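Quick caveat: nothing in here was measured; it's all calculated off a predicted structure.
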Amino acid sequence: MKPLELLQELRRRDRVFPFIDEAPPPHPRLDTRHGPILYVEGITKSFDGFKALDDLTLYVGDGELRCLIGPNGAGKTTLMDVITGKTQPDTGHAWFGQRLNLLRMNEHDIAQAGIGRKFQKPTVYENLTVHENLELAMHAHRGLMTSLFWRLDGEQRDRVDEILELIGLKEEGHRAAGLLSHGQKQWLEVGSLLMQNPRLLLVDEPVAGMTPAETEATAELLVSLAGKHSVVVVEHDMEFVRSIARTVTVLHQGSVLAEGTMDQVQNDPKVREVYLGEEA
């Protein structure tokens, strides 16, 4: 069924079913009482003899905003693939909280548990309005058949309005998503993820191709999410990273090269040599 046809079904008012309930709460087994929400330990992954990840260990705190930087081929995308279940590592461990073993879960189950991923290129339903994109995202977890009999209630409308305000698209709600600027489409995709209440957001190069004003607004958006959500941002724009990061992790050849504040990693001789192309 095409997206527009699905929306027409969703808007029908002659069907009301008692089994249509609110979005599920965070995964009942998610346990972050000891602080970190993400544990990645000793992860190694090789492709045809090339080590994309090499004994990589990373911890992300609950509610933290973490930036990952590194040259092309450093392992950033492969790490995101492991966390979201797209790629199985050769060795190592990956846990969501203290109880959810990500390496024993498929991509769907990982998303259901509360990990959302935004890729570099925004993917939105361009023929639908901004509001309709968020409506569909709210019930994406239900599957097609359940969504066909769903209608938006007052509380859910309030949630959509809240997200529209948060992502700066309140005035664009009834505009076709295909008419948005590149930056606005990026915000809409972030909003679509937020409709599913993730605890951890993985965001890949969010400001690539944005105007300076859009970049600044994106920084404000991501900073505002930290605390309620944990956010991991992969980015090459160092000024943008500086504007949002508390902790920066530098990857090189599949391993963690350095970690600390932006000033600390920029002044690290190893980072200056490898990432910035300067002599140690």
Just by modelled atom types, is the P198 backbone N or O under 3.5 Å from a matching donor or acceptor in the H229 side chain? yes
Which heavy-atom pair separates T249 from L58 by the least distance, and what is that distance? OG1-CD1, 3.7 Å
So does S46 get a backbone contact from the side chain of D90, meaning a donor-acceptor N/O pair under 3.5 Å? yes
Could you walk me through whether V203 and L193 pass the side-chain contact (heavy atoms from CB on, under 4.5 Å) check? CA-CA 10 Å; V203 185; L193 288 175; over 6 Å; no
For the residue pair Y59 and Y39, categorise the inter-ring angle as parallel (less than 30°), tilted (30 to 60°) or perpendicular (more than 60°). perpendicular
May I ask you to decide if L169's main-chain N or O and E172's side chain share a donor-acceptor pair within less than 3.5 Å? no
Assess whether atom CZ of R175 is packed by more than 12 heavy atoms of other residues, nucleotides or ligands within 6.0 Å. yes
Applying the 4.5 Å side-chain criterion to the ILVMFWY set and letting contacts propagate, would I37 and L103 be lumped into a single cluster? yes
I'd like to know if the side chain of T57 reaches the main chain of G42, judged simply by a donor and an acceptor atom lying under 3.5 Å from each other, with no hydrogens or angles considered. yes
Main-chain N/O of K86 paired with D81 side-chain donor or acceptor, under 3.5 Å: no
Checking side-chain contact (heavy atoms from CB on, under 4.5 Å) for the pair Q264/N267: CA distance, chi angles, key distance, verdict? CA-CA 5 Å; Q264 288 172 333; N267 291 319; over 6 Å; no
Q186 side chain to T218 side chain, donor-acceptor N/O pair below 3.5 angstrom: no
Could you please spell out the steps behind the salt bridge (Lys or Arg N to Asp or Glu O under 4.0 Å) verdict for R159 and E162? CA-CA 5 Å; R159 176 62 176 164; E162 176 188 349; 3.3 Å; yes
Determine, step by step, whether V232 and S230 satisfy the side-chain contact (heavy atoms from CB on, under 4.5 Å) criterion, reporting the C-alpha distance in whole Å, the side-chain angles of both residues, the deciding distance to 0.1 Å, and the verdict. CA-CA 7 Å; V232 176; S230 302; over 6 Å; no
Going by atom types alone, do T123 and E189 pair a side-chain donor with an acceptor below 3.5 Å? yes
State, with a plain yes or no, whether a side-chain heavy atom of L79 is found less than 4.5 Å away from one of I43. no
Donor-acceptor contact present, side-chain K118 to main-chain E205, <3.5 Å: no
Please test Q253 against D54 for side-chain contact (heavy atoms from CB on, under 4.5 Å), starting from the C-alpha separation and ending with a verdict. CA-CA 7 Å; Q253 296 182 346; D54 186 8; over 6 Å; no
Any side-chain heavy atom of M80 sitting closer than 4.5 Å to one from D204? no
Check ion pair R66-E259 (N to O, under 4.0 angstrom): yes
Determine yes or no for a side-chain-to-main-chain donor-acceptor pair under 3.5 angstrom, with K170 supplying the side chain and D161 the backbone. no
Using a strict threshold of under 4.0 Å (side-chain N to carboxylate O), is an ion pair present between D62 and R199? yes
Using modelled atom types and a 3.5 Å cut-off, is there a donor and acceptor pairing between side-chain atoms of K76 and backbone atoms of L251? no
Looking at every non-hydrogen atom in both residues, tell me the closest pair between G260 and V265 and how far apart they are. N-CG1, 3.7 Å
